[in-house]
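Each chain gets a letter, A, B and so on, in the order its sequence line appears, and its residues count up from 1. Both backbone and side-chain heavy atoms feed into the values below; hydrogens, waters and symmetry mates do not.
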There are 2 protein chains.
Amino acid sequence: MTDDGKSGLFPAGGHDHHACVEAALASAESLCRERGLRLTPLRRRVLELVWRSHCPVGAYAVLEDLRRDGRSAAPPTVYRALDFLVQERLVHRLPSLNAYIGCNEPGAPHCGQFLICRHCGRVAELHDHALDRRISASAADTRFRVEQALVEVRGLCPRCQAAEGDGE
Amino acid sequence: MTDDGKSGLFPAGGHDHHACVEAALASAESLCRERGLRLTPLRRRVLELVWRSHCPVGAYAVLEDLRRDGRSAAPPTVYRALDFLVQERLVHRLPSLNAYIGCNEPGAPHCGQFLICRHCGRVAELHDHALDRRISASAADTRFRVEQALVEVRGLCPRCQAAEGDGE
DNA sequence: GCCTGGTTGTTATATTGTAACATCCAACTT
DNA sequence: AAGTTGGATGTTACAATATAACAACCAGGC
């Protein structure tokens with residue numbers, strides 16, 4: 001984490017991703033303990049696999065990984081684990097990609113905000129509370145009761161804007 | 001259109017939906033003429049079918065409707081027409097529902113903002129420019145180049161909040 | 001007439017997600 | 001320890017969503 005904390009939101013940089021994965025797992029452990037939930041070996045492994053990827057991963061990619069582990073696995077195995085993790089806000093699902101990504105503020109009840117690079121496929125999660133409030137306010141105007149909000153922004157990350165100029 | 005224009009965003013009210021459909025088709029015709037695009041009978045019919053529904057419709061629902069017309073149709077027929085309409089911003093796709101809904105500001109390059117009622121399934125489209133700007137600003141902080149933004153808010157529309165109190 | 005590019009038809013298949021039921025296992029009860 | 005119970009996982013089968021690849025068609029220009 002030697003960058004400015006802004007463009008560095010994109011996990012393409014050289015920061016220690018392995019440490020992030022460990023932190024996410026530890027955080028998940030304690031969160032489940034607090035809530036009296038069972039972070040079983042399967043669920044823990046799925047969470048790890050999601051976090052290990054630098055990009056959002058599809059359910060069937062996780063399934064392949066589980067099978068590589070030597071574990072018996074079928075689609076429901078994966079979907080159930082992912083559903084649990086999403087439920088507990090340890091991972092997010094990105095509907096426009098049919099894929100999952102580790103949540104970097106696990107357990108907190110926040111609006112999911114994602115910048116999705118169409119070129120490299122990497123995703124940055126934002127936590128813009130002003131944006132949260134703007135959505136709440138807008139919904140309140142129509143007397144809609146918000147339960148969950150999701151912002152998906154597609155475009156080009158800083159790195160890929162540069163690459164495009166190079167005519168890649 | 002006799003309500004206050006706020007909760008009335010939800011198409012559940014008694015306003016003249018048929019007129020909305022006609023207006024959308026007319027607007028699409030002129031927009032395509034301007035752009036030199038062909039709003040073929042198939043595309044026009046698909047647009048009409050999407051608009052006729054009070055809720056977002058799936059591709060396979062449109063497919064059924066086309067077949068009821070007596071038309072020969074297979075999945076690619078529908079997906080191609082829908083892709084065209086999405087491309088030209090005449091309809092929106094809601095990834096979290098795998099469904100499509102008519103755009104009520106056709107052709108304008110705006111951020112898609114939707115309030116999705118989990119109870120009745122109806123969807124209201126917002127056009128909150130402050131929200132647009134907030135998203136742009138947030139993305140700009142990370143030097144991300146926004147090409148397209150989507151806000152999906154899940155919750156309960158005013159009508160269904162009331163209904164829930166009735167214990168249904 | 002005939003070429004051309006875009007549109008649609010058609011068949012087959014890929015990808016994503018669930019239903020339904022069997023089995024297992026940890027924790028609690030007796 | 002044996003039994004009971006509820007949640008978690010295994011397993012089979014299938015549903016729902018989406019696309020690839022190629023053939024046929026058709027409008028407009030030459």
No-H, no-angle donor-acceptor pair, B:Tyr60 side chain to D:dA18 base, under 3.5 Å: yes
hydrophobic_cluster_shared for B:Leu25 and B:Leu82, side chain cutoff 4.5 Å: yes
Closest nucleotide among D:dA20, C:dT16, C:dA26 to the A:Arg38 side chain: C:dA26
B:Leu82 CG - D:dT19 C1' separation (whole Å): 14 Å
Spacing between B:Glu64 atom CD and D:dA16 atom P, to the nearest angstrom: 11 Å
Whole-Å distance separating the CG atom of A:Asp83 from the P atom of D:dG7: 16 Å
Donor-acceptor pair (no angle test) under 3.5 Å: A:Arg80 side chain, D:dG7 base: no
Donor + acceptor pair across side chains of A:His127, A:Gln113 (<3.5 Å): no
Proximal nucleotide (of D:dT9, C:dT18, D:dT12) relative to the A:Pro75 side chain: C:dT18
B:Arg89 with B:Glu105: basic N within carboxylate O range, under 4.0 Å: no
Closest to side chain of A:Arg71, choosing from C:dT16, D:dT19, D:dG10: D:dG10
Whole angstrom value for the distance that separates C1' of C:dG17 from CG of B:Asn98: 10 Å
Nucleotide C:dG6, atom C1' - distance to CG of B:Leu39 in whole Å: 15 Å
Atom-to-atom span, CZ of A:Arg43 to P of D:dG10 - whole angstrom: 11 Å
Phosphate OP1/OP2 of C:dG17 contacted by A:Arg93 side-chain N/O (<4.0 Å): yes
Closest-nucleotide ordering on DNA chain D, the 5'-leading residue of A:Ala74 and B:Gly58: A:Ala74
C:dG9 phosphate, OP1 or OP2, under 4.0 Å from B:Thr77 side-chain N/O: yes
Residue A:Thr40, side-chain atoms from C-beta onward, closest of C:dG9, D:dT12, D:dT9: D:dT9
Aromatic contact, B:Tyr100 with B:His92 (centres under 6.0 Å): no
From D:dA18, D:dT9, C:dG9, nucleotide with atom closest to B:Leu42 side chain: C:dG9
Rounded distance (Å) that lies between atom P of C:dA19 and atom OH of A:Tyr79: 13 Å
Validation row: B:Ser96, B:Arg154 side chains within 4.5 angstrom (heavy atoms): yes
Per A:Pro76 side chain, nearest of listed nucleotides D:dT17, C:dT7, C:dT18: C:dT18
Atom-pair distance (CZ on A:Phe84; C1' on D:dT9), nearest Å: 14 Å
